[in-house]
There are 2 protein chains.
Amino acid sequence: MEAKPRPDALPLPTIRRYPVYLRAVRARRARGEANVSSAALAAELGLDPVLVRKDLAMSGVAGKPRVGHSSAALEAALEAALGWDNVSDAALVGAGSLGRALLGYRGFREQGLSIAVAFDGDPALDGLEIRGVRVRPMKDLVRLVRRLSLRLGILTVPEEAAQACADLLVAAGVRGIWNFAPVQLDVPPGVVVQNMDLAQSLAVLSHSLETAAIPSPARARRP
Amino acid sequence: MEAKPRPDALPLPTIRRYPVYLRAVRARRARGEANVSSAALAAELGLDPVLVRKDLAMSGVAGKPRVGHSSAALEAALEAALGWDNVSDAALVGAGSLGRALLGYRGFREQGLSIAVAFDGDPALDGLEIRGVRVRPMKDLVRLVRRLSLRLGILTVPEEAAQACADLLVAAGVRGIWNFAPVQLDVPPGVVVQNMDLAQSLAVLSHSLETAAIPSPARARRP
DNA sequence: CTCAATACGATATAAAAATATCGATATAAA
DNA sequence: TTTATATCGATATTTTTATATCGTATTGAG
């Protein structure tokens, strides 16, 4: 129970880099490149070649010396590792400006994500269709999410409402919450929360600006 | 007041946690708590108490046993470390749905950020005022940004346009770019780029969901 | 006034991640 | 063929980050 048998033990930083690799691989494949070398990827992305090689090796696809990795195999393996190989439907809670921006983002399809339904507490929005997605009142949330068997919730409500909405999503049976509100959500075990905090990202940037010309840890410039 | 011999050698993860601490401290101070203990913060945020104590210690404010840290001093120190103590003006490039969402986000003020002007390539938007911010055509970017001495650019354009817009911002003299486009920007040394990549965040979430009920590395369950 | 409990500070250990190094192998050029 | 070289794969080292432990100071209760 407390043992970790072996649940795809990919390091977290590696997972975070996978979407970046995936985009680059897709672009190269679209350009007709049948093979991709870790060195070329590293150069393109400004990363250490050894790091890229190790990350790619963990995806399970082997590379051939002097050739690289099969770009088709790589793409499939990265998608599988991320769980992006089959589209999963999500519920969006909060149809404010941020919620609408997400509804309008086409890139989600390439990331195995599709927003099936949206909810908002504002009665004025009830029934409205935004980018092909219908907005429903909050009182229908639990019932609808459960009926559609949605496993993922996207939370784009003001921070005061965040915890209450999270509770509803949990009650409806979602297993993951993508949280855009700057709040630490309290959820039962088994439910995964991933925070998307603008402030955290901005913090790194403004601190870097403050401390003048330090060699930025996020980006290395080298010849 | 002078308790800061070493201005800036903060670890990156610490910086990322600072906004979280800052929010909690502000909330407690608003509730009238003159002092905050690291243990209480740790409990509230689900973090290890030792970690919080170390992070706070690095801000330079000392705490007193049995009492905690002065919440006013903490707030000031955290803001200073983040460079959020004085508001800096930014230019937003790309007044699409995401750009508008950011324009409408009031929280930026508390994070020392104010959007002074927006730019968009769509002539239809020229002259429009969104949330009190005027939208200007791209051709005016370099001139206007330079005249306003803006040091920060926020990039919310489609990925095809991202690099070109970044080049304009650099030409206009910005020192930092907050990049919402899923592209690795190429900028000269001295310019800091902070990527805000939805895909990277989503990756962690969907991978966690895939690998079922592993003890999530991102969140610890507290009592 | 004494004592116990709380919370800080410092040091030590462990875990995780990034980086460096070396050898092996397949391809392309000579 | 032979040889040079790009590239993978594995191991080792260093660096960074997180956790654990201990000591000490301050407060509040008895």
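Chain letters run A, B, ... following the sequence lines, proteins first and then strands; every chain starts at 1. Note: hydrogens, waters and symmetry copies are ignored here, and every other heavy atom, side chains too, is used.
- Whole-Å rounding puts the B:D48 CG to C:dC8 P distance at 13 Å.
- Residues forming a ring pair (Phe, Tyr, Trp, His ring centres under 6.0 Å) with A:F180 (at least two apart in sequence, or on another chain): A:W178.
- The nearest whole Å value for the distance from the CG atom in B:D55 to the P atom in D:dT19 is 11 Å.
- Applying the ring pair (Phe, Tyr, Trp, His ring centres under 6.0 Å) criterion to B:Y105, with sequence neighbours excluded, gives B:F108.
- The interatomic distance linking A:I15 (CD1) with C:dA16 (C1') rounds to 14 Å, in whole Å.
- When rounded to the nearest whole Å, the span between CG of B:L12 and P of C:dA17 equals 15 Å.
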Output one line per pair: protein atom, nucleotide atom from nucleotides 8-11 of chain D, and distance, for all N/O pairs under 3.5 Å.
residue : atom : partner : partner atom : Å
D:dC8   : OP1  : A:S38   : N            : 2.7
D:dC8   : OP1  : A:S38   : OG           : 3.3
D:dC8   : OP2  : A:S38   : OG           : 2.4
D:dC8   : O3'  : A:G63   : O            : 3.0
D:dG9   : OP1  : A:G63   : N            : 2.9
D:dG9   : OP1  : A:G63   : O            : 3.3
D:dG9   : N7   : A:R53   : NH1          : 2.9
D:dG9   : O6   : A:R53   : NH1          : 2.8

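- Within the 4.5 Å cutoff, the side chain of A:L41 has heavy atoms near those of the A:V36 side chain.
- Scanning DNA chain C for stems, defined as runs of 3 or more consecutive Watson-Crick or G-U wobble pairs whose donor-acceptor distances all fall under 3.5 Å, gives the following ranges: C:1-30 with D:1-30.
- For residues 152-172 of chain B, every residue pair satisfying the side-chain hydrogen bond (donor to acceptor under 3.5 Å, both in side chains) rule, not counting sequence neighbours, is listed here: B:Q163-B:D167.
- Here B:R16 lies out of heavy-atom contact (under 4.0 Å) with every strand.
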Can you give the donor-acceptor pairs under 3.5 Å from side chains of residues 14-34 of chain A to other protein atoms, not counting sequence neighbours?
residue : atom : partner : partner atom : Å
A:T14   : OG1  : A:D55   : OD1          : 2.9
A:R17   : NE   : A:D55   : OD2          : 2.6
A:R17   : NH2  : A:D55   : OD1          : 3.4
A:R17   : NH2  : A:D55   : OD2          : 3.3
A:Y18   : OH   : A:D55   : O            : 2.9
A:Y18   : OH   : A:S59   : N            : 3.3
A:Y21   : OH   : A:D55   : OD2          : 2.6
A:R23   : NE   : B:P182  : O            : 3.3
A:R23   : NH2  : B:D197  : OD2          : 2.5
A:R26   : NH1  : A:E110  : O            : 3.2
A:R26   : NH2  : A:E79   : OE2          : 2.6
A:R26   : NH2  : A:E110  : O            : 3.0
A:R28   : NE   : A:E44   : OE1          : 2.9
A:R28   : NH1  : A:E33   : OE1          : 3.1
A:R28   : NH2  : A:E44   : OE1          : 2.8
A:R29   : NE   : A:E75   : OE1          : 2.7
A:R31   : NH2  : A:E33   : OE2          : 3.4

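- When the P atom of D:dA18 is taken as reference, atom CE of B:M58 falls 9 Å away, rounded to whole Å.
- Listed in residue order, the members of residues 18-26 of chain A having a heavy atom less than 4.0 Å from DNA chain C come to none.
- Considering only residues two or more places apart in sequence or on other chains, B:V174 meets the side-chain contact (heavy atoms from CB on, under 4.5 Å) condition with B:V145, B:L169, B:I177.
- For residues 82-104 of chain A, there are no salt bridge (charged side-chain N to carboxylate O under 4.0 Å, His left out) pairs, not counting sequence neighbours.
- Note: CG (A:L51) to C1' (D:dT13) measures 16 Å, nearest angstrom.
- Rounded to whole Å, the distance from CD on A:E33 to P on D:dT7 is 12 Å.
- Shown here for B:Q184 and A:L45, the closest heavy-atom pair between the two residues is NE2-O, 3.9 Å.
- A ring-ring contact (aromatic ring centres under 6.0 Å, His included) check over residues 30-67 of chain B, counting only residues at least two apart or in different chains, returns nothing.
- Rounded to a whole Å, the CG atom of B:L41 is 14 Å from the C1' atom of C:dC8.
- Applying the ring-ring contact (aromatic ring centres under 6.0 Å, His included) test to every pair with at least one member in residues 53-82 of chain A, sequence neighbours left out, gives no pairs at all.
- Not a single side chain to side chain donor-acceptor pair (under 3.5 Å) links A:S37 to another residue, sequence neighbours left out.
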